[in-house]
Amino acid sequence: MRLSAYFLPTLKETPTEAKISSHRLMLRAGMIRQSSAGIYSWLPLGLKVLNKIGEIVREEQDAIGCHEMLMPTIQPADLWRDSGRYDDYGPEMLRIRDRHDRDMLYGPTNEEQITEIFAGSVKSYRDVPQMLYHIQWKFRDEVRPRFGVMRGREFLMKDAYSFDMDFDGARNSYNKMFVAYLKTYERLGLKAIPMAADPGPIGGDMSHEFMILADTGESEIACHKGFVDNDWLETAGDDLQTTVDTFTEKYAATDEKRDTDAEAALGDDLVTARAIEVGHIFYFGKKYSEKLGAIVTDSDGNNITVEMGSYGIGVSRLVGAIIEASHDEAGIIWPDSVAPFRVGLINLKVSDDECVTACDDLYARLTTAGIDTLYDDRDTRAGAKFADMDLIGLPWQLAIGPRGIKNGVIEVKNRKTGERQELSVDDAMNLLGV
RNA sequence: CGGGGAGUGGCGCAGUCUGGUAGCGCAUUCGCUUUGGGAGCGAAGGGUCGUAGGUUCGAAUCCUAUCUCCCCGACCA
């Protein structure tokens, strides 16, 4: 992409309303613009990242046999009256009335909707277990939206739902999701720690929040330091339950679940930090299947109310969370997997024909090699280009100027380490794995 | 929802206390000089000061109401 033709409105100065790094950087990097409190437009660069995260989430859901679908944002109130949540939900739910005076709502979540669909379509044990998900915009009318995209009112969320014949099946579905989540966060370049969460009225140990450590996190957490130091996912075996046990047997708790005795027992192995919740999975049994009649017949002809679980990942929140976990004074530092472009190519002197030719050639080579490149061919000063590249945080910066051309080299900078080296074009391509 | 703060060109701010008809930096446009880490000089364009009432000869400034946004807390992916 040629930057001269792109839409990337970066800001030199920080908008006054943004207080935390990720929010400031997203505004400055031209990723988002605020529409109203907690509601944002996603500009091209921001949308690219959002989509990349969504794609990784999607791949890991598909990999465990969870099927993508898409449910509406607007739902009928009657559906929620059936589950009893229409009155329970409170002012966080945005209630709407259509032209026929029917009560509608902008969905804050989709348990009712999915259960109704399942109940109407699945009648036999032969079609169970089933796992379905969608990635859709939700709305929760937060009293106080804040932290930019991390606590918005409108947010993009992946929510999945599992349906099983019995508790053992539900546990298996839960475990599959648990491990899929670990893999998802790892691919996003995040160290997410599963922490025991409030399981609600069902009880048991089947509810976990996935937290990533960041100074601006909303809650104060404590955990065994093994969660920070180790990567148990690599050492975990094939057995699902064993893998899940590896991650759940060690102490890890969000602020409301902390246990001073357990923490004292850990001694030097205790780590306390602030963290951001980026996912939540839980088993809730027959809570909705009972109310909405999700009943199937088993092999003996008995009617069985299915066991359900739901599994959320805050996709839009992750954009902010990743930045919180990965930035410096100059700007964002994207993990390779979600970077909007892999390479930023800087033409240091657009008035120099030789330099332009060299840049155009390299751009063509990169593009042909399938490397998504943002090519800064604008007629501005070098300093501004470097500053913008640092701000938007692409993993690699390649800078070409007359001085380097004379010596047959270009400058290659690694955004994360800050390391700069002068290489020939071929060596630079090798470094990028081409 | 309790407590606090703020709305003035696209962005960041001053001016408000003490009323006199709006200013600075950045950005934008043009010209010249520059050109390898957010350049310099000169010129230009752009604001009915959140909105609505009121006080006054005169309101960004004083009074009243209202809307919006931000921060701290309680609540949530």
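A, B, ... follow the sequence lines: proteins, then strands. Residue 1 opens every chain. Computed from heavy atoms alone, side chains included, the values below leave out hydrogens, waters and symmetry copies.
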For A:Ser219, the option from A:Met211, A:Lys257, A:Glu209 that meets side-chain contact (heavy atoms from CB on, under 4.5 Å): A:Met211

Aromatic ring pairing A:Tyr288/A:Phe284, orientation class (parallel under 30°, perpendicular over 60°, tilted between): perpendicular

Aromatic ring pairing A:Tyr311/A:Tyr174, orientation class (parallel under 30°, perpendicular over 60°, tilted between): tilted

Base-pairing mate for [N] - Watson-Crick or G-U, with both contacts under 3.5 Å:
| N | value |
| --- | --- |
| B:G47 | none |
| B:U21 | none |
| B:A52 | B:U64 |

Nearest-nucleotide 5' precedence on RNA chain B, A:Thr14 against A:Ile20: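 Result: A:Thr14.
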
For [range], which residue pairs pass the ring-ring contact (aromatic ring centres under 6.0 Å, His included) check, not counting sequence neighbours?
| range | value |
| --- | --- |
| residues 20-39 of chain A | A:His23-A:Tyr40 |
| residues 72-98 of chain A | A:Trp80-A:Tyr89 |
| residues 344-368 of chain A | A:Tyr363-A:Tyr375 |

Side-chain N or O of A:Arg144 closer than 4.0 Å to phosphate OP1/OP2 of B:C75: no

Between side-chain atoms of residues 332-341 of chain A and protein atoms elsewhere (two or more places apart, or another chain), which donor-acceptor pairs fall under 3.5 Å?
from	atom 1	to	atom 2	distance (Å)
A:Trp334	NE1	A:Ile392	O	3.0
A:Ser337	OG	A:Arg187	O	2.5

Short N/O separations, protein against nucleotides 3-7 of chain B, under 3.5 angstrom:
none

Sugar-phosphate only, base, or nothing, as touched by A:Gly148 at under 4.0 Å among non-hydrogen atoms: nothing

Sugar-phosphate, base or nothing in reach of A:Ser316, heavy atoms under 4.0 Å: nothing

Verdict with reasoning, A:Arg317 to A:Ile276, per side-chain contact (heavy atoms from CB on, under 4.5 Å): CA-CA 9 Å; A:Arg317 170 180 284 188; A:Ile276 302 164; 4.2 Å; yes

Pair A:Asp255 + A:Arg258: basic N to acidic O under 4.0 Å: no

Nearest-Å distance for atom pair CD1/P, residues A:Ile276 and B:C76: 18 Å

Sequence-aligned protein contact record of nucleotides 30-38 of chain B, with B where the base is within under 4.0 Å of a protein heavy atom and S where only the sugar-phosphate is: ----B-BBB

